[in-house]
Amino acid sequence: MQQEAAQEGGSVLQRHSYQELFTRYSGNPIIQGLDMPYPVNAVFNPGATMVKGETLLLMRVEDRQGISHFAAARSRDGFSDWRIDPVPTLLPDPRTYPQETWGIEDPRITFLEHERTWTVAYTGYSKAGPVVCLATTKDFKHFERIGAVMPPENKDAALFPVQFSGRWAMLHRPVPTFTGVGAHIWLSFSPDMRHWGDHQMVIQARTGGWWDADKIGLSPPPLWTEKGWLVMYHGVKTTAGGCIYRVGLVLLDPNDPTRVLARSSRWAFGPEAGYEVTGDVDKVVFPCGWVRQGDEIRLYYGAADKCIAVATARVSEMLAWLRDTETACEDVV
Ligand code: BMA
C-alpha cells in the first residue's frame, strides 16, 4: 500500500492507493447467457484448463428450469472469440446417477500429466443435498463418472495433480450438521479416487467479523509453485444486506499438504465491478479455474451467479502478497 498526498481545494487529503493483485480484463464479462447457442438463465463458475494450446472453460450453465449442466467453451487467447459447444457438453443423468437429480454445478478441473487425463470434481445436487462427484475425460466430449465420493453436504472439491506417498489427495468442504461450528476446508486421501479416508481439516473459517468467518470453500484447484501449493479459497461474509463472496490465499507445504505455511489476512479479490455486484446472487466472485502461463495466472470466475469474467495476476506477486499480508492462523480464528 502506498500513501499519497493529494492537493485538493487548498487542503491536503491523505489518499491511500492500493496496488491491486488482480487486474480485470477490460472486455469483461467474457461470456454471458446471451452468448449461449440455446436459451439459458445464466452461465457462471467455470473450471479451466489448457487443451491443445487453447483455453477450455467447462462452464456451469443454469437452464430455464433452474437445473445446471456443463458446456465447454474454447478460445485461442483465453480472453476472446469463445467457441461454445452447440449442445450441452455434460448433462445431469439422474436415472443412472441419482446424486445428479437437481443438476451438476461448479466443475474444477485437474490435469493428471502421467495419465494424460483430466479429472473433474463437481457438485452433484442430490435430493439429500450437495455431494462431491468425480468424473474423468480425455477430450471434454466423453466423460466417465467415478460417482459420488463424499456424502452430503459437501462441495467445493478439487484433486491435487500429483499423488502423495502413492495416494491421491482432494480438498473439499463438508458442512457439519452440528450447529455453530462453521464450514471448513478438509483434505482426504485415496488410493484409487473412489475410496477416500484419512480426513483432516486443513483450513478453518475464521469467526466474528472476518471476511471469511464461519464458511469457506476451495476456489480453483491447488496450484503448484516453487514455494508450495497455492490455494485460493472463498470466504462468505454474512451481512444485513446479504452474503459477500470474496477470495483469499493460502500456501500449503509442497510435500505435506496438511500443513498450512501461510494464509492471507486480507481478501485478494472481491466483488466491485457492476457485473460482480448485481446478478442472480449479488456480490459474488466465484472462481473455479485458473490457467498459468509462465508467471501469469488467468483467473476465471462466475460473477454474481450470472456471467463469466477473467482477471489476471502474477504468481510471484501473489506469493509476495501472501507473505506480506500473512496472519498466523492460530491468532485469528
Ligand atoms: C455457493 C455455490 C456457488 C454459488 C455461490 C453463490 O454455495 O452454490 O455455486 O455461486 O454459492 O451463490
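Whatever order the structure lists them in is the order used to number ligands and atoms, beginning at 1.
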- line: Counting from 1 in the order shown, the ligand 1 atoms closer than 4.0 Å to a non-hydrogen atom of Asp106 are 2 (C), 3 (C), 9 (O)

field: Atoms in ligand 1 with a heavy atom of Lys155 nearer than 4.0 Å
entry: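 What qualifies from ligand 1 is 2 (C), 7 (O), 8 (O).
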
side-chain contact (heavy atoms from CB on, under 4.5 Å) partners of Thr119, counting only residues at least two apart: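 Testing Thr119 for side-chain contact (heavy atoms from CB on, under 4.5 Å), a comparison that skips the adjacent residues, returns Leu112, Leu134, Thr136, Leu159, Met193.
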
- request: State plainly whether the residues Lys227 and Asp253 are in salt-bridge range, i.e. N to O under 4.0 Å.
  value: no

- prompt: Do the charged groups of Arg108 and Asp156 touch, with an N to O distance under 4.0 Å?
  reply: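 Between Asp156 and Arg108 there is a salt bridge, with a charged N closer than 4.0 Å to a carboxylate O.
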
task: Name the closest protein heavy atom to atom 11 (O) of ligand 1, giving the residue it belongs to and the distance to 0.1 Å.
output: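 Going atom by atom, the protein heavy atom closest to atom 11 (O) of ligand 1 ends up being Tyr245 OH, 3.2 Å.
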
task: For atom 10 (O) of ligand 1, find the nearest protein heavy atom and state the residue, atom name and distance (0.1 Å precision).
output: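 Of the protein heavy atoms, Asp305 OD1, 2.6 Å lies nearest.
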
- request: With heavy atoms under 4.0 Å as the rule, classify the contact between Asn45 and ligand 1 as side chain, backbone, both or neither.
  value: side chain

Between Thr137 and His142, a side-chain donor and acceptor under 3.5 Å: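 There is no such pair (donor and acceptor under 3.5 Å, judged by atom type) between the side chains of Thr137 and His142.
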
task: Would you please say whether a donor-acceptor pair under 3.5 Å links the side chains of Ser190 and His195?
output: no

message: Lys215 versus ligand 1: do any nitrogen or oxygen atoms come within less than 3.5 Å of each other?
response: no

- prompt: Could an N or O of ligand 1 be found under 3.5 Å from any N or O of Glu105, whether backbone or side chain?
  reply: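 N/O-N/O distance under 3.5 Å: no.
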
Pair up each side-chain donor or acceptor in residues 65-78 with any protein partner under 3.5 Å, not counting sequence neighbours, and list the distances.
unit_1 : atom_1 : unit_2 : atom_2 : d
Gln65  : NE2    : Asp63  : OD2    : 3.0
Ser68  : OG     : Arg60  : NE     : 3.0
His69  : NE2    : Tyr38  : OH     : 2.8
Arg74  : NH1    : Asp85  : OD1    : 3.0
Ser75  : OG     : Asp77  : N      : 3.3
Ser75  : OG     : Asp77  : OD1    : 3.1
Ser75  : OG     : Gly78  : N      : 2.9
Ser75  : OG     : Ser80  : O      : 2.7
Asp77  : OD1    : Phe79  : N      : 2.8
Asp77  : OD1    : Ser80  : N      : 2.8
Asp77  : OD1    : Ser80  : OG     : 3.3
Asp77  : OD2    : Ser80  : OG     : 2.8

